[in-house]
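Okay, so here's the structure we're looking at.
Residue numbers count from 1 along this sequence.
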Amino acid sequence: FSASDATLPAALTTQLNTLGVATAQFFANAVNTTNTGVDVVIDYQKKISNKERFKILFVANFQGINIDDVHVPAAIVANGTAEEKEYKANTFFNDREKYFLKASAPASKFSTSFDYTKNKVTLGARVTYFGRVALTGFGINGDGINPQVPSDADENVLVPEIFNYSGKFTTDLYMNVQVTKKASLILGADNIFNVHPDFAVNPQAKWWAGDNETGGPWDGVQMGYNGLRLFTKLAFRF
């Protein structure tokens, strides 16, 4: 919100101008949502012998989120034309933020892990599915309201700047060695096939790649964007 906007409450713009602030944004607990979903957990363990066992764990989450209402402060939209009031209401909680909120609760995610233990060594593998999400860029106007950008084929033709992240699988491997009663050595590799999210771009407007929260090829979606990670840990119990 701009300090020079005469349609905003004078108490707000005066304070901003006194502080030498040109524009300001703020957080507000003003959105009603409804979440529905179900969690599934299946745990199976098999003891093969006194020193050998096998375990399978499946966990899943399915959910949906709906934005029921946005409570825009009355003072913000009290003055101005109908178009100005609508723009300020959309600025208060724009389309980009609505996509961002919904992406925080993906429709599905599930993981299956397999553990095999013999004596003091455990070998494990985990396969995780990250469900589809959609985010948007800031748009040619930079306000995140109905974000659109020029297409690569014709800069006079605008296309929606929606980033569709399709569902992806990642695979992890790990080994735990019980060195002593109180110490364990852990070796592992996350995302061994180096799977990345889809690029943050509308395929019709690749020149606008990077117009996102991170300013890079990907947004900070749940599966992460670092790809393959190798690690080792030494864990102690006290």
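- Remark: side-chain polar atoms of Asp190 are not paired, donor with acceptor, to backbone N or O of Asp172 under 3.5 angstrom.
- Below 30°, between 30° and 60°, or above 60°: for Phe58 and Phe110 the angle between ring planes is between 30° and 60°, a tilted geometry.
- Listed for the Trp218 side chain is a donor-acceptor partner under 3.5 Å among the backbone atoms of Pro197.
- Between Phe92 and Phe26, the ring-plane angle classifies as tilted under the 30° and 60° cut-offs.
- Remark: Lys102 does not engage Glu97 in a salt bridge, criterion side-chain N to carboxylate O under 4.0 Å.
- Of all heavy-atom pairs spanning Ile162 and Ala134, the tightest one is CG2-CB, 4.4 Å.
- Remark: Lys168 engages Asp198 in a salt bridge, criterion side-chain N to carboxylate O under 4.0 Å.
- The main-chain N or O of Lys206 is found under 3.5 Å from a side-chain atom of Asp152 such that the two form a donor-acceptor pair.
- For Lys55 and Asp115, the salt-bridge test fails: no basic side-chain N is under 4.0 Å from an acidic carboxylate O.
- With hydrogens and angles disregarded, a donor-acceptor distance shorter than 3.5 Å links the side chain of His196 to the backbone of Asn194.
- With hydrogens and angles left out, the side-chain atoms of Tyr87 and Asp143 include a donor and acceptor closer than 3.5 Å.
- Geometric assessment of Arg132 against the ring of Tyr165 yields a negative cation-pi assignment under the 6.0 Å and 45° thresholds.
- Panel note: side chain Asn94, backbone Asn90; no donor-acceptor pair is recorded below 3.5 Å.
- Looking only at distances, no side-chain donor or acceptor of Asn202 sits under 3.5 Å from a matching main-chain atom of Phe163.
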